[in-house]
Visitor: 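Before I ask anything, here is the structure I am working with.
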Amino acid sequence: VILRLVVAATLVYLIGPIILITLYSFHATPSLALPFTGLSLRWYADVFANAQLLDALVASLAIALATALVTLVLGSFAALAWPRLGGRERRALEILCLTPIALPGLFLGVALLALFAQAKVQLSAVTIVLSHVVFALPPFFIAVRARLSLFDQSLEEAARDLGATPMQTLRLVTLPILAPTLFAAALMAFALSFDEFVVTAFVSGTETTLPLFVWSMMRRTVTPLINAVSVLTLAFTLVILAAAYLVGHLRRSSALGRRLADA
Amino acid sequence: VDAQSRQYGRAFAAGPAVYMAVFFVAPALLLFVMSFWSAKAFQITPDMTLANYARALASAAFLKVTWNAVWIGLAASSLTLAFGLPLAYYLTYVRPSKAIYYLILVTWFSSYLVRIYAWRTLLGTSGLLNSLLLQLGLVDAPIEALLFSPFAVLVTVVHIYLPFAVLMLVASLRDVSGDLLNAARDLGAGPLTAFVRVGIPNALTGVLGAFIFTFILVAGDYVTPQMLGGSSGQTTGLIIADQFRKTGNWPLGAAQAFLMVVIAGVVYLASVVLVRAAGLAPRRRRRSALAPAAQLQPIPRAAL
């Protein structure tokens with residue numbers, strides 16, 4: 001019983017603030033206190049009337065898309081290499097592709113800023129994407145590797161025994177099986193990049209992304225506009241994640257269904 | 001692994017390995033090297049001096065915020081375990097509820113800034129908590145100290161990093177069979193004793209991992225203290241960030257960043273020693289600090 005109470009309290013603590021922000025984003029007055037004085041969509045209307053904000057949104061979407069694509073390519077190669085490497089090389093690949101997850105964004109941000117400055121690279125959307133891939137790759141790698149550990153190696157062997165070249169095996173057997181996982185993990189990379197603030201703040205130059213814009217709003221004033229933007233980005237992230245989940249899930253259940261039908 | 005597939009493996013690994021070497025290893029090394037350079041009048045000269053470290057350690061302001069970072073970090077990672085372990089226990093042994101799992105994922109993926117902002121509105125003088133207390137007649141005037149204090153920072157960072165820790169804890173508890181706990185119960189241990197003496201030691205790498213990860217991320221967080229910490233709740237991160245933005249002494253900032261790395265290492269070693277001393281560590285093979293990250297699955301297997 002005590003456990004249940006502790007668990008329930010923890011969950012309320014986790015989700016409570018997010019629900020409150022959602023409620024206030026529909027509040028008719030700018031007040032952020034109780035009691036509620038009516039519902040309104042005015043803050044959402046303000047969001048869509050703010051040209052600077054929309055520019056930042058477009059920049060964020062483009063950066064997240066580019067990050068997801070680069071992560072997809074690099075991460076897929078890393079994941080394909082993982083089961084094919086021997087012990088020491090595999091450890092080296094894991095250390096390279098996992099360590100950034102254990103570092104604060106601040107460390108990555110200043111280190112990348114130092115690199116770009118020394119290499120005399122102009123800060124822009126490109127440097128943002130290059131930096132985002134560094135922290136998007138580890139979660140991608142972890143997610144795909146978890147799926148790979150369930151992967152039936154005999155499928156590849158069967159294809160090879162039937163005369164397929166390694167490349168054909170990869171293209172016709174391995175990649176189609178992994179595709180839903182890769183796609184879902186790429187969506188996750190998209191969501192991570194879309195929300196990122198700390199690293200972006202150091203390597204953005206004059207580029208403004210949505211989190212950077214929200215940050216500048218937060219520093220100026222407390223405006224309910226931020227509530228509405230927050231809810232919209234949260235909803236957007238959730239849609240992305242739900243899509244990732246559905247792609248993985250539907251494909252899996254249809255594959256299971258087919259296997260059952262065959263049996 | 002046969003020779004041919006190993007060759008393919010190497011070819012596949014080359015791309016991501018080179019990328020991470022250029023954009024992760026190289027910047028980290030450069031930052032380390034830079035911490036020995038000297039900066040005068042906004043001009044950075046390659047050098048080989050320990051002056052930056054000496055200057056950082058001699059600065060009272062640096063020591064004060066670093067002390068803040070350490071105790072806020074330790075308090076946050078302890079609280080994270082205090083909240084996270086019951087939750088992970090519940091999800092692993094009592095009821096593996098998918099709804100709760102997704103709820104945790106949703107909070108993990110909800111924006112960092114949004115959560116800082118949410119706590120700022122909750123804890124502010126005209127915020128929900130204060131207006132609730134006023135209406136209930138518990139206080140006469142809003143409590144100013146709720147916001148802009150180490151307390152506000154603590155509440156917020158635990159909220160931000162708890163979901164990640166719970167996912168790590170669940171991943172490591174999954175390897176500890178419920179039968180082990182039941183066996184301990186059969187031998188006369190209460191449920192709590194069974195979990196603390198048998199469950200946690202067997203999942204120790206993950207539990208320590210969650211602790212130290214939370215510490216590193218909290219101690220390195222500068223945005224939350226900047227927004228919610230007031231003057232008493234600032235941490236080292238803000239000083240480091242400012243070196244790279246305002247004052248422009250990058251070598252000094254680099255040295256400060258590596259002092260934080262050293263501190264994180266000391267905290268990790270200290271927690272390992274403490275756990276050993278408390279008799280919670282099983283005498284078994286040792287694994288590297290990265291092992292918990294290797295076990296981590298941010299998305300439940302079923303979802304992929």
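Letters A, B, ... mirror the listed sequences (proteins, then strands); counts begin at 1.
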Visitor: If you count heavy-atom pairs under 4.5 Å with chain A, which of A219(B), P16(B), G15(B) comes out on top?
Guide: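 With the most close heavy-atom pairs to chain A, the winner is P16(B).
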Visitor: Of the listed residues (A21(B), P86(B), P163(B), A11(B)), which shares the most heavy-atom pairs with chain A below a 4.5 Å separation?
Guide: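 The candidate making the most pairs under 4.5 Å is P86(B).
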Visitor: Give, as side chain, backbone, both or neither, the part of M260(B) having an atom under 4.5 angstrom from any heavy atom of chain A.
Guide: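 Neither part.
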Visitor: Which atoms of L162(B) come close to chain A, meaning under 4.5 Å heavy atom to heavy atom: side chain ones, backbone ones, both, or neither?
Guide: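 Answer is side chain: those atoms of L162(B) sit under 4.5 Å from chain A.
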Visitor: Where on F23(B) is there a heavy atom nearer than 4.5 Å to chain A: the side chain, the backbone, both, or neither?
Guide: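 Both parts, heavy atoms under 4.5 Å.
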Visitor: Which one wins on heavy-atom pair count under 4.5 Å against chain A: F32(B), Y222(B), Y112(B)?
Guide: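 Top count of heavy-atom pairs under 4.5 Å with chain A: Y222(B).
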Visitor: Can you tell me which of L113(A), L238(A), L234(A) forms the most heavy-atom pairs within a distance under 4.5 Å of chain B?
Guide: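 Highest number of heavy-atom pairs under 4.5 Å: L113(A).
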Visitor: Among V158(B), I160(B), V22(B), which has the most heavy-atom pairs under 4.5 Å with chain A?
Guide: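 Result: the option with the highest number of such pairs is V158(B).
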Visitor: Quick one: does F211(B)'s side chain get under 4.5 Å of T80(B)'s, heavy atoms only?
Guide: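 Sidechains of T80(B) and F211(B): no contact.
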Visitor: Verify whether the ring centers belonging to F258(B) and F107(A) lie closer than 6.0 Å.
Guide: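 Yes; F107(A) has its ring centre under 6.0 Å from that of F258(B).
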Visitor: Could you check which of V198(A), V214(A), L93(A), L192(A) has the highest count of heavy-atom pairs closer than 4.5 Å to chain B?
Guide: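 Looking at each option in turn, the highest pair count goes to V198(A).
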Visitor: Name the member of T233(A), V133(A), L137(A) that forms the most heavy-atom pairs with chain B at distances under 4.5 Å.
Guide: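 Most heavy-atom pairs under 4.5 Å with chain B: V133(A).
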Visitor: Which heavy atom of A143(A) sits nearest to which heavy atom of T181(A), and what is that distance?
Guide: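 So the two residues come closest at O-CG2, 4.3 Å.
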Visitor: Side chain from CB out, backbone as N, CA, C, O: work out which of these in L108(A) comes under 4.5 Å of a heavy atom of chain B, or both, or neither.
Guide: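 Interface part for L108(A): side chain.
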Visitor: Please confirm whether the ring centroid of Y101(B) lies under 6.0 Å from the ring centroid of W108(B).
Guide: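 Centroid distance Y101(B)-W108(B): not below 6.0 Å, so no.
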Visitor: Out of V218(B), T107(B), V261(B), which one racks up the most heavy-atom pairs below 4.5 Å with chain A?
Guide: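 Max contact count across the listed options: T107(B).
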Visitor: Which region of I216(B), side chain (C-beta onward) or backbone (N, CA, C, O), has a non-hydrogen atom less than 4.5 Å from a non-hydrogen atom of chain A, or is it both or neither?
Guide: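 The answer is both parts of I216(B).
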Visitor: What are the two closest non-hydrogen atoms of S60(A) and T209(A), and how far apart are they?
Guide: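 The answer is OG-CB, 3.2 Å.
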Visitor: Report the residues that fulfil side chain to side chain contact (heavy atoms under 4.5 Å, CB included) with Y8(B), sequence neighbours left out, ordered by chain and then residue number.
Guide: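 By the side chain to side chain contact (heavy atoms under 4.5 Å, CB included) rule, Y8(B) matches R84(A), P166(A), M167(A), Q4(B), F12(B).
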Visitor: For F183(A), is it the side chain, the backbone, both or neither that has a heavy atom under 4.5 Å from a heavy atom of chain B?
Guide: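 For F183(A), neither part sits under 4.5 Å from chain B.
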Visitor: Pick from T237(A), I15(A), L130(A): which one has the most heavy-atom pairs with chain B under 4.5 Å?
Guide: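 Top option by heavy-atom pairs under 4.5 Å: L130(A).
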